[in-house]
Amino acid sequence: MSFTFYNTLSRQVEEFKPREEGKVAMYTCGPTVYHFAHIGNIRTYIMQDALIKSLEYAGYNVKRVMNITDVGHLSSDADTGEDKMVAGAKREHKTVMEIAKFYTDAFFSDFDAVGNKRPDVVEPATNCIPEFIHMVEVLLEKGYAYVAGGNVYFDTSKLEDYYIFSSSVEKEALEVGVRDDVEEDTNKKNKTDFVLWFTKSKFEDQALKWDSPWGVGYPGWHIECSCISMKHLGEYMDIHCGGVDNIFPHHTNEVAQSEAYLGHKWCNYWFHSNHLNDQSGKMSKSKGAFLTVSLLKEKGYDPLVYRFFCLQSHYRKPLVFSYENLDNAVAAYNKLVKRVSELKADGAVDEAQKKDYEAKFCEAVSNDLNTSMAITILYDVLKADVNDATKIALIESFDRVLSLDLIGHAKALVEAGTSVDAELEAFINDAIARRAQAKKEKDFATADAIRDELLAKGVEIKDTREGVVWKLV
Ligand code: AMP
Ligand code: ZN
């Protein structure tokens, strides 16, 4: 069976062929740890996790490397403004390293909570300064870089095709954008040139700085991903991942400097997932107030429900977040857990049926990572004419990719006694009906009293578009 996904480099859905049979060398851009990761960032990491686990389901062995950006990422991706880490440290009256540690830990806490598997290698940029300096030296030697005003820049005019990911129409739009939007840096020979190494001619108050052949300074943002991937994966990699905002300039610049340094093609497949938007547009850290997975948890949402919400939509489409949409996911997830809790693990697994459904599931995730189809197949299994033992075996099998822990939640539900306590369920249903009637009659005091009555019995109710849902608290 072939494994396909959309390759930004060829601008089409392509069959994946790794360099080494059965093995995948993968790199994913990590977070910039100057603030919490919002649920949009986490969407990107959930879809990458789904890609990795789908590849593993299809039989590949994946090695994944991820960086932590703790230096060099300026407030504009075009090398202008203030270093995001320095701004974060000032905001909180802490050192840059304290900020980096705090937000790296917070990131992984949310990353783990949504069921993601940790990367095989996680490397902070500040660990690799000698590697960055070496790459910059080689780029200078090869004539791809120049020193101006104390900084080192990559000379994009030396490349035949700098806008490697863009069609000719997109290229024109980008050229206009680069010309009009970017604050002028008179050291640059070409507007698209980017910084490889900053020195104090650019910033006076940089907290983190290192000696280099070009003076005391710090690396540009893009160089870290090129060097960290080569340090752990060598001169070639199969799949490079990121959000769509990374395509330009970050990934474009990564390719420019990596291929100039190596003298050959670097990465064959580029996997980009689309953004999570809220009502006001793209969710972004620089906007200030934003939502995190931990905050959702504080509000009573299970982080795995957020994962379920993300997996229900395709990675290449923008996804709109609203509490209403999330509540619908809560209702659907709870229903699933309830149905799983009613399965009885007696009898033998029907291996032929199991194989059949596993093949269907594998086909869905191998088809441009169709996670919503994979979930539909899970529903098909629950409805199917197969015994419960086979259903449970299939749910466990699918969870190697979905990581929704339906079995664990179902066990907890059974232990809490809800799936067997018909009396309580009848009471809840009656209370919900009485409350609906009270609301219809605009008797909100009675409606609230019924809500409290349920709460006293350990039952919390929520109004969603699909009706009232309840859970034990
Ligand atoms: P950052 O910490 O800003 O470097 O971003 C970490 C990852 O999240 C990158 O791969 C970004 O492309 C991605 N990202 C940023 N904003 C969003 C968003 N609103 N939705 C989904 N992914 C995002
Ligand atoms: Zn990167």
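Indexing begins at 1, ligand by ligand and atom by atom, following the structure's order. Heads up: numbering here begins at 1 and tracks the sequence.
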### Query
If the Zn ion (ligand 2) is the vertex, what is the angle to SG of Cys225 and SG of Cys29, rounded to 10 degrees?
130°

### Message
With respect to the Zn ion (ligand 2), please indicate if His251 possesses an N, O or S atom at a distance under 2.8 Å.
### Response
no

### Task
Of all N, O or S atoms in Glu254, identify the one at the shortest distance from the Zn ion (ligand 2).
OE2

### Task
Using the six-membered ring wherever Trp is involved, compare the ring planes of His264 and Tyr236 and label them parallel, tilted or perpendicular (cut-offs 30° and 60°).
parallel

### Task
Report the relative orientation of the aromatic rings in Tyr323 and Phe321; use parallel for angles under 30°, tilted for 30 to 60°, perpendicular for over 60°.
perpendicular

### Under 3.5 Å: donor-acceptor pair, side chain of His134, backbone of Pro130
no

Mind listing the N or O contacts between ligand 1 and protein, cut-off under 3.5 Å?
residue, atom, partner, partner atom, Å
ligand 1, 2 (O), Thr32, N, 2.9
ligand 1, 2 (O), Lys285, NZ, 2.8
ligand 1, 4 (O), Thr32, OG1, 2.9
ligand 1, 5 (O), Asn41, ND2, 3.3
ligand 1, 8 (O), Asn41, ND2, 2.9
ligand 1, 10 (O), Gly243, N, 3.2
ligand 1, 10 (O), Asn246, OD1, 2.9
ligand 1, 12 (O), Gly243, N, 3.2
ligand 1, 12 (O), Asp245, OD1, 2.4
ligand 1, 12 (O), Asp245, OD2, 3.4
ligand 1, 12 (O), Asn246, OD1, 3.1
ligand 1, 14 (N), Asn41, ND2, 3.4
ligand 1, 19 (N), Leu276, O, 3.1
ligand 1, 19 (N), Met283, O, 2.8
ligand 1, 20 (N), Gly40, O, 3.4
ligand 1, 20 (N), Leu276, N, 2.9
ligand 1, 22 (N), Gly40, O, 3.1
ligand 1, 22 (N), Thr44, OG1, 2.6

### Parallel, tilted or perpendicular: rings of His250 and His222 (30°, 60°)
tilted

### Message
Any N/O/S atom from His222 (main chain or side chain) under 2.8 Å of the Zn ion (ligand 2)?
### Response
no

### Task
Assign the ring pair Tyr162 / Phe194 to parallel, tilted or perpendicular, where the plane angle (0 to 90°) is split at 30° and 60°.
parallel

### Task
Give me the ring orientation class for Phe165 and Trp270: parallel if the planes are under 30° apart, tilted from 30 to 60°, perpendicular past 60°.
perpendicular

### Ion pair check, Asp49 and Lys117, cut-off under 4.0 Å
no

### Message
Parallel, tilted or perpendicular, judged at 30° and 60°: which one describes the rings of Phe3 and Tyr60?
### Response
perpendicular

